[in-house]
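Inspection log for the structure reproduced underneath, given as structure tokens.
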Amino acid sequence: MRDKLKWLWGYYRKHKVVLAILVLATPLQAALAVVIPRLIGFTIDYLKTGDVPAHWLAQNVTRIGESFQLNPVISFALAFIVMGFAAVGMYAWFQSTRAWMNCRLEYLFRQDAFNRITAKGPDFFNRFRTGDLVTRMTDDVAEKLSWFACSGIFRFYEASLNIIFVIAMMVSIDATLTMWVAGPLPVLILVFFKTSSLLDQRYDHLQSRISRFNDMMEACFSGIRVVRAYVQEKAQKAKFEDVAQDRRNAEISAIKVTTAVDSMYMYIWQFAVVIVLLAGGYAVLQTTLSIGDLATFIYYATWLVFPMFDIGQFLVKGRQSAVSINRLGELEMVPPMVTEKGARNGNGNMKPSVGYDDVRFTFSELDRQIIDRVNMDIRPGQTIAVVGKVGSGKSWLVNMIPRLVDPTGGGITLDGHNLTEYRLSDLRHSIGYVPQEPVLFSDTVRNNIMFGREDISEELLDWAVDVAQLADEVKHFPNGMDTMIGTRGMSISGGQKQRLALARALVGKPKILILDDCTSALDSRTEAALWDRLHEVMPELTAILITHRPDTLEQADMIYVLEEGKIVETGTHAELMSKESLYARIYKRYRLEEEVAA
């Protein structure tokens with residue numbers, strides 16, 4: 001529990017003023033509220049006997065009323081109204097403050113989780129599925145944690161104060177009767193300890209079922225075209241029905257336990273009202289308790305039901321929230337693969353020369369090297385091609401330049417300085433990166449290219465579109481640059497997706513351009529025009545390509561052939577073709593495929 005409180009305190013300390021107000025003012029409101037029932041009892045006793053009760057509060061209220069020439073009944077009534085309005089006003093203010101704090105904490109929980117996720121490496125996303133991450137950042141945060149983090153805790157705090165103050169008032173009336181009323185407390189404490197582990201198990205199981213459900217939905221929607229192409233709608237419906245039923249059963253199981261615990265807290269305490277009616281009525285008959293005190297006692301005993309319900313809710317929701325905190329904590333426990341280390345400015349007169357020095361890369365759980373002792377020397381303005389079979393490590397090799405991952409051995413230099421010496425933001429601003437599968441967002445063409453970079457001018461935007469060989473087609477889009485392209489660019493072709501992603505990379509005027517097999521959907525003429533235009537407008541650009549396109553390979557200044565993470569051949573296209581080795585076989589195969597397709 002201590003670690004959960006420490007986790008919450010990390011967010012509360014950002015709002016210490018609100019926290020202090022809630023902590024200090026809640027006892028005042030609770031004390032004010034518990035005094036009001038005494039005024040009812042005083043009024044009943046005065047109307048029955050004609051004498052003002054000897055209690056200090058009754059005496060002071062009537063004394064103040066007499067100063068305004070008011071009789072005791074009017075004095076008690078006005079005191080009741082004034083104190084009631086004050087208590088209600090304070091409570092309404094507390095409710096709104098707690099509601100604001102709930103929303104604020106929800107925002108902080110989700111934003112911090114998102115910020116941490118964006119800094120994680122590929123190992124993190126191999127471990128946590130998309131649907132699971134969505135569940136943790138929506139259901140766990142909004143449905144389970146945000147209410148408990150403020151309202152749940154402070155309702156427990158308020159309920160505890162109410163119980164203490166009410167019992168204190170009851171003791172001041174009749175200590176023996178109070179002992180009878182407090183009887184259910186040990187039973188409720190025992191109920192909590194007996195059910196806490198069961199609650200943890202049910203809620204942990206429920207959250208895992210919700211994650212599985214969301215993951216299934218995300219996979220179906222993402223791959224809907226494949227599902228329909230293979231006529232697998234019925235099979236997917238059956239799978240979805242299974243996970244939906246599994247989630248339904250988990251929800252019902254958790255609700256059953258929650259309802260049982262809530263009911264025990266709610267109804268066991270109501271036995272106190274029966275005890276008051278029996279024992280208190282007998283005391284009135286024996287004249288050891290006044291009717292007004294009995295009425296006050298019944299009011300207090302009834303009132304205690306609701307604080308006990310809040311405490312029960314706190315205990316149940318607390319176990320639920322503890323599971324959600326653990327699930328968010330799991331995201332924090334996976335360290336990022338890349339951390340900010342350097343302070344060197346990556347802009348200015350930096351030369352786009354890249355050097356690989358005995359570079360190795362692997363994941364801790366693998367027993368082999370993905371990249372094994374690679375050495376390369378890429379000079380400014382060169383066009384480098386990396387070739388290899390599927391799974392040879394090509395993408396990992398280039399992903400280390402923008403530090404999407406870091407080498408686990410050796411080092412990579414940029415302009416003679418190790419990549420870790422540069423600020424990450426400066427390093428990545430100087431690199432244009434187009435991944436193998438273009439990632440587009442459900443937004444306009446313009447916003448997909450600018451991608452949040454507000455400093456990009458309209459002229460630079462038009463230039464990038466023109467260089468990427470997309471200008472003519474954008475003119476024919478319904479709304480030009482402001483055309484919505486749909487989820488993941490579903491409304492445009494594969495070649496248009498690749499060129500749009502390329503325009504996004506070019507608009508930042510990078511010094512190094514990394515293209516990971518991203519021109520596969522372009523025809524030969526369009527790709528040739530693209531390279532001619534690129535070398536014309538950016539003669540100093542260093543281009544690193546992963547490609548098997550024969551026309552592109554022929555234009556490369558240097559070709560590196562990768563096999564099982566190692567560079568097995570290096571040279572120009574002509575040099576490598578003359579060797580009749582691995583590169584020559586790869587080139588001939590892809591040239592033959594193009595000729596057959598034509």
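Computed over heavy atoms, backbone and side chain alike; hydrogens, waters and symmetry mates excluded.
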Between Met137 and Ile117, is any pair of side-chain heavy atoms under 4.5 Å apart?
yes
Counting distance only, does the side-chain N/O of Glu473 pair as donor-acceptor with the main-chain N or O of Leu470 below 3.5 Å?
no
Distance, nearest 0.5 Å, that separates CE of Met450 from CZ of Arg504
12.5 Å
Test side-chain hydrogen bond (donor to acceptor under 3.5 Å, both in side chains) on Arg327 and Ser211; report intermediate values, then the result.
CA-CA 11 Å; Arg327 284 165 58 80; Ser211 292; 2.8 Å; yes
Is Ile544 close to Leu513 at the side-chain level, that is, under 4.5 Å between some pair of heavy atoms?
no
Between Arg499 (side chain) and Gln469 (backbone), is there a donor-acceptor pair under 3.5 Å?
yes
Take atom CZ in Phe125; do more than 12 heavy atoms of anything else shown fall under 6.0 Å from it?
yes
Glu330 and Asn326: side-chain hydrogen bond (donor to acceptor under 3.5 Å, both in side chains), yes or no, with the steps?
CA-CA 6 Å; Glu330 288 177 3; Asn326 286 337; over 6 Å; no
Pair Arg247-Glu251, salt bridge (Lys or Arg N to Asp or Glu O under 4.0 Å): steps then yes or no
CA-CA 6 Å; Arg247 174 177 176 174; Glu251 294 270 13; 3.3 Å; yes
Taking the basic N atoms (NZ, or NE/NH1/NH2) and the acidic carboxylate oxygens, is any pair closer than 4.0 Å for Asp551 and Arg591?
yes
Could you walk me through whether Glu458 and Trp463 satisfy the side-chain hydrogen bond (donor to acceptor under 3.5 Å, both in side chains) test, starting with their C-alpha distance in whole Å, then the side-chain angles of each, then the deciding distance to 0.1 Å, before giving a yes or no?
CA-CA 9 Å; Glu458 196 70 23; Trp463 170 86; over 6 Å; no
Keeping Thr408 on the side-chain end and Thr362 on the backbone end, is there a donor-acceptor pair under 3.5 Å?
yes
Short question: side chain of Lys579, backbone of Ala584 - any donor-acceptor pair under 3.5 Å?
no
Between Tyr590 and His548, what is the ring plane arrangement, given parallel below 30°, perpendicular above 60°, and tilted in between?
parallel
Is the closest side-chain donor-acceptor distance between Asp377 and Tyr356 under 3.5 Å?
no
Derivation of the side chain to side chain contact (heavy atoms under 4.5 Å, CB included) call for Thr542 and Lys511:
CA-CA 6 Å; Thr542 297; Lys511 296 188 175 182; over 6 Å; no
Are side-chain N/O atoms of Tyr560 and Glu569 paired as donor and acceptor at under 3.5 Å?
no
Name the residue from Asn214, Asp215, Val141 that meets the side-chain contact (heavy atoms from CB on, under 4.5 Å) definition with Thr135.
Asn214
About how many Å separate SG of Cys150 and NE2 of His15, when rounded to the nearest 0.5 Å?
10.0 Å
Take Gln111 and Asn115 through the side-chain hydrogen bond (donor to acceptor under 3.5 Å, both in side chains) test and state the conclusion after the steps.
CA-CA 6 Å; Gln111 191 64 49; Asn115 291 343; 3.1 Å; yes
Got Phe128 and Arg136 here, is their nearest side-chain heavy-atom distance under 4.5 Å?
yes
Steps toward side chain to side chain contact (heavy atoms under 4.5 Å, CB included) verdict (Thr552, Gln555)
CA-CA 5 Å; Thr552 304; Gln555 297 185 42; 5.9 Å; no
Gln369 and Lys566 side chains, donor-acceptor separation under 3.5 Å
no
Less than 4.5 Å apart, any side-chain heavy atom of Leu145 and any of Ile325?
yes
Around atom NZ of Lys14, are there more than 12 heavy atoms of other residues, nucleotides or ligands at under 6.0 Å?
yes
Between Asp415 and Lys351, does at least one N-O distance fall below 4.0 Å, as a salt bridge requires?
no
Over 60° means perpendicular and under 30° means parallel, so tell me whether Phe109 and Tyr11 are parallel, tilted or perpendicular.
perpendicular
Donor-acceptor pair, distance only, cut-off 3.5 Å: does the side chain of Tyr422 make one with the backbone of Leu414?
yes
Walk me through whether Tyr107 and Asp112 qualify under side chain to side chain contact (heavy atoms under 4.5 Å, CB included).
CA-CA 8 Å; Tyr107 164 80; Asp112 281 1; over 6 Å; no
State, with a plain yes or no, whether a side-chain heavy atom of Asn102 is found less than 4.5 Å away from one of Glu106.
no
May I ask you to decide if the ring planes of Phe363 and Phe361 are parallel, tilted or perpendicular, using 30° and 60° as cut-offs?
perpendicular
Met217 versus Phe213: any side-chain heavy-atom pair under 4.5 Å?
yes
Are the side chains of Ile559 and His573 in contact, using a 4.5 Å heavy-atom criterion?
yes
Does Arg453 have more than 12 heavy atoms from other residues, nucleotides or ligands lying within 6.0 Å of its CZ?
yes
If only atom types and distance count, is the side chain of Arg360 paired as donor or acceptor with the main-chain N or O of Ile371 below 3.5 Å?
no
With Arg373, which residues qualify under salt bridge (charged side-chain N to carboxylate O under 4.0 Å, His left out), at least two apart?
Asp358
Does a side-chain N-to-carboxylate-O contact under 4.0 Å join Arg423 and Glu340?
no
Does anything in residues 387-398 pair up under side-chain hydrogen bond (donor to acceptor under 3.5 Å, both in side chains), and if so which pairs, sequence neighbours excluded?
Ser395-Asp516
Should Ile384 and Leu545 count as side-chain neighbours, where that means a heavy-atom distance under 4.5 Å?
no
Quick check on Glu564: does its CD atom have over 12 non-hydrogen neighbours (other residues, nucleotides or ligands) under 6.0 Å away?
no
Intermediate values then yes/no, side chain to side chain contact (heavy atoms under 4.5 Å, CB included), Phe477 and Ile492
CA-CA 10 Å; Phe477 286 168; Ile492 59 178; 4.2 Å; yes
